[in-house]
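Numbering of ligands and ligand atoms starts at 1, following listing order.
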Amino acid sequence: MADVLKKVPVREQAPKVRAANFEEVCLGYNKEEAMEEAARCINCKNAKCVGGCPVSINIPAFIHEVKEGNIEEAYKIISESSALPAICGRVCPQESQCEGKCIRGIKGEPVSIGKLERFVADWARENGIKPPAPAAANGRKVAVIGSGPAGLTCAGDLAKLGYDVTIFEALHEPGGVLVYGIPEFRLPKNKVVAAEVENVKSLGVKIETNVIIGKSTTIDELLNDEGFEAVFIGSGAGLPMFMGIPGENANGVFSANEYLTRNNLMKAFLDDYDTPIARGKKVAVVGGGNVAMDAARTALRLGAEVHIVYRRSEAELPARVEEVHHAKEEGVIMDLLTNPVEILVDENDAVKGMKCVRMELGEPDASGRRRPVEIPGSEFEMELDTVIMSLGTSPNPLISSTTIGLDINKRKCIIADEETGKTSKEGVYAGGDAVTGAATVILAMGAGKAAAKGIHEFLSDKK
Ligand SMILES: Cc1cc2nc3c(=O)[nH]c(=O)nc-3n(C[C@H](O)[C@H](O)[C@H](O)COP(=O)(O)OP(=O)(O)OC[C@H]3O[C@@H](n4cnc5c(N)ncnc54)[C@H](O)[C@@H]3O)c2cc1C
Ligand code: SF4
């Protein structure tokens, strides 16, 4: 008899095996495992888990259907609230959302809501189940900028209401961070992301790739000349930050964005693709977030010895606990309480190492985390051939600087109302990382959903 206080374990590739391939680490539940895990849910009347989900999926209802073996019914319930369940089931930080609120978590482990969602979405895809058909077309045009989770969700919701929606995407493939950032071994691109994008297209959404708003055309042109009655901006926060230390322009220093884009979007890890990538032997990734873990685990799979260099201690690492655990299991070395002060460069202007200082934790700073303080005289050098900077990103100012009357804050984020997505410019809505700065997939989806509602109300009043 299984222990009801514990989650049904999920099958994973063994650490040694997966450290040498780009296949998905987590293999997911099969139907028997999913039904067994679903039976742990006590179908709470006032289900706290729903309040923890930014798009309010009816979690007890879908889990009940899984328990009964009615997976198609479960998929319909999830589809009412979420356009990208196979993605969210894989990458959402459930521990701080739905599962963090689950009543089962008080005495034992919470119900494995994310893995159940993933199972249902994968099952639906494998069995050719599509989301429900949209409403009759109303002929009114809305433009969406960016095809990340915010844009896809907003577009999908508007299409369901009958709007004629076109997404404009700067890159050659839709998906935003889902295709260029999050690696294949956490989120398979063809199997999962492309299939969910197809589901959004099946609602009638058109996607025009290779269109950079702010260069190819502008928001004002879309509104004034192209017949769009409203615009949603979901352009993300893709501009990387650097440290500003000596040697940072040397060959062999990458932003995590560039490194991951080469590998994920341009498939540099596959021999039959043209884009090259530096297959370093000894790589340091500077930073401690999810992006740093992704870059480190990617470099490891390309054959390198990889160090995470982070100025605080393990307790302050901003990455998800599961990601840190996976990275360590695979052999990523953690150099904590360590801060780079200079990139060391050889006569060919290539990286040969990094000078660092040891840190200790002082008093808490404004963020509530203990502030790292340099230990005097603790400088040392690491020998390296590649450095990947993963210090965070901010929104690209291209759109805000080319749109008349669109207000931004001092972090270059677009100012938008949380409930409706409304910006300072009439008819223009925004959401996701472009508004919040780098955040999560599900928050971007929640913002896309709120803005679709905001746009619908605006256009219904305008009639
Ligand atoms: C490496 C990495 C790992 C992550 N891991 C996780 C995770 O595990 N879980 C999680 O919840 N979140 C994770 N995140 C964060 C999450 O991916 C983002 O919060 C989310 O993708 C934001 O969605 P978005 O739609 O706002 O923007 P994005 O996904 O950034 O999409 C914006 C899109 O707009 C396009 N665009 C930008 N400017 C223009 C323009 N001028 N014209 C036309 N198109 C434009 C971009 O090309 C892009 O496709 C991760 C992020 C990264 C970088
Ligand atoms: S809180 Fe947990 S046990 Fe209760 S309905 Fe939600 S998933 Fe089930």
Side-chain angles (χ1 to χ4, degrees), residues 38 40-53 58-64 87-88 90-94 97-99 101-106 110-113 116 144-154 167-183 186-187 208-219 233-240 256-257 259-261 264-265 289-295 298 319-320 322-323 390 392-393 395-400 402 430-445 447-448:
R40 293 183 61 233
C41 170
I42 46 181
N43 208 343
C44 307
K45 272 230 162 58
N46 176 17
K48 295 274 187 285
C49 54
V50 180
C53 170
N58 189 343
I59 293 167
F62 103 73
I63 295 186
H64 176 74
I87 291 164
C88 287
R90 285 172 165 82
V91 303
C92 277
Q94 288 102 3
Q97 295 175 340
C98 53
E99 292 183 20
K101 297 266 168 36
C102 172
I103 207 90
R104 271 267 181 229
I106 297 174
V111 174
S112 202
I113 302 168
L116 288 174
V144 168
I145 301 166
S147 63
L152 287 172
T153 302
C154 184
I167 299 184
F168 296 100
E169 167 56 51
L171 296 173
H172 61 279
E173 246 184 72
V177 171
L178 307 174
V179 292
Y180 79 74
I182 305 181
R186 287 213 287 134
L187 184 63
E208 285 196 25
T209 51
N210 299 315
V211 182
I212 305 176
I213 302 297
K215 280 207 182 337
S216 320
T217 179
T218 63
I219 289 183
I233 308 171
S235 50
L239 198 63
N257 263 48
Y259 194 76
L260 289 167
T261 301
N264 297 327
L265 182 70
N290 286 320
V291 182
M293 296 303 144
D294 282 345
T298 298
R320 287 178 70 188
E322 184 180 330
E323 298 305 316
S390 181
T393 53
N396 190 320
L398 180 63
I399 289 182
S400 50
T402 54
D433 284 5
V435 169
T436 56
T440 63
V441 170
I442 192 72
L443 288 175
M445 285 176 59

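Among Asp433, Val177, Ile233, the residue whose heavy atom sits closest to atom 18 (C) of ligand 1 is Asp433. The closest heavy-atom contact to atom 37 (C) of ligand 1, among the options Gly392, Gly448, Ser235, comes from Ser235.
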Indicate every side-chain donor-acceptor pair of residues 433-441 with a distance under 3.5 Å to a residue at least two apart or in another chain.
residue : atom : partner : partner atom : Å
Asp433  : OD1  : Ala439  : N            : 3.0
Thr436  : OG1  : Gly432  : O            : 3.2
Thr440  : OG1  : Leu443  : N            : 3.2

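At under 3.5 Å, not a single nitrogen or oxygen of Ala434, backbone or side chain, sits near a nitrogen or oxygen of ligand 1. Backbone and side-chain nitrogen or oxygen atoms of Ala170 are examined, and one is located within less than 3.5 angstrom of a nitrogen or oxygen of ligand 1. Below 3.5 Å of separation, one finds an N or O of Ile213 facing an N or O of ligand 1. The shortest N or O to N or O distance between Tyr180 and ligand 1 is not under 3.5 Å. Taking any N or O of Ala438, backbone or side chain, none lies under 3.5 Å from an N or O belonging to ligand 1. Considering backbone and side-chain N/O of Pro149, one or more are found under 3.5 Å from N/O of ligand 1. When only interatomic distances are considered, the shortest N/O to N/O separation between Ile182 and ligand 1 does not fall below 3.5 Å.
Closest to atom 2 (C) of ligand 1, if we only count protein heavy atoms, is Val291 CG2, 3.6 Å.
Counting heavy atoms from C-beta on, the side chains of Ile219 and Thr402 never come closer than 4.5 Å.
Arg40 pairs by the salt bridge (charged side-chain N to carboxylate O under 4.0 Å, His left out) definition with Glu37, not counting sequence neighbours. Residues meeting the side-chain contact (heavy atoms from CB on, under 4.5 Å) test with Cys92, sequence neighbours left out: Cys88, Gln94, Gln97, Ile442.
For Arg186, every heavy-atom contact with ligand 1 shorter than 4.0 Å involves the side chain, none the backbone. At a 4.0 Å heavy-atom cut-off, ligand 1 touches Leu260 through the side chain alone.
Residue-and-atom listing of protein N/O/S atoms under 2.8 Å from atom 2 (Fe) of ligand 2, sorted by chain and number: Cys102 SG.
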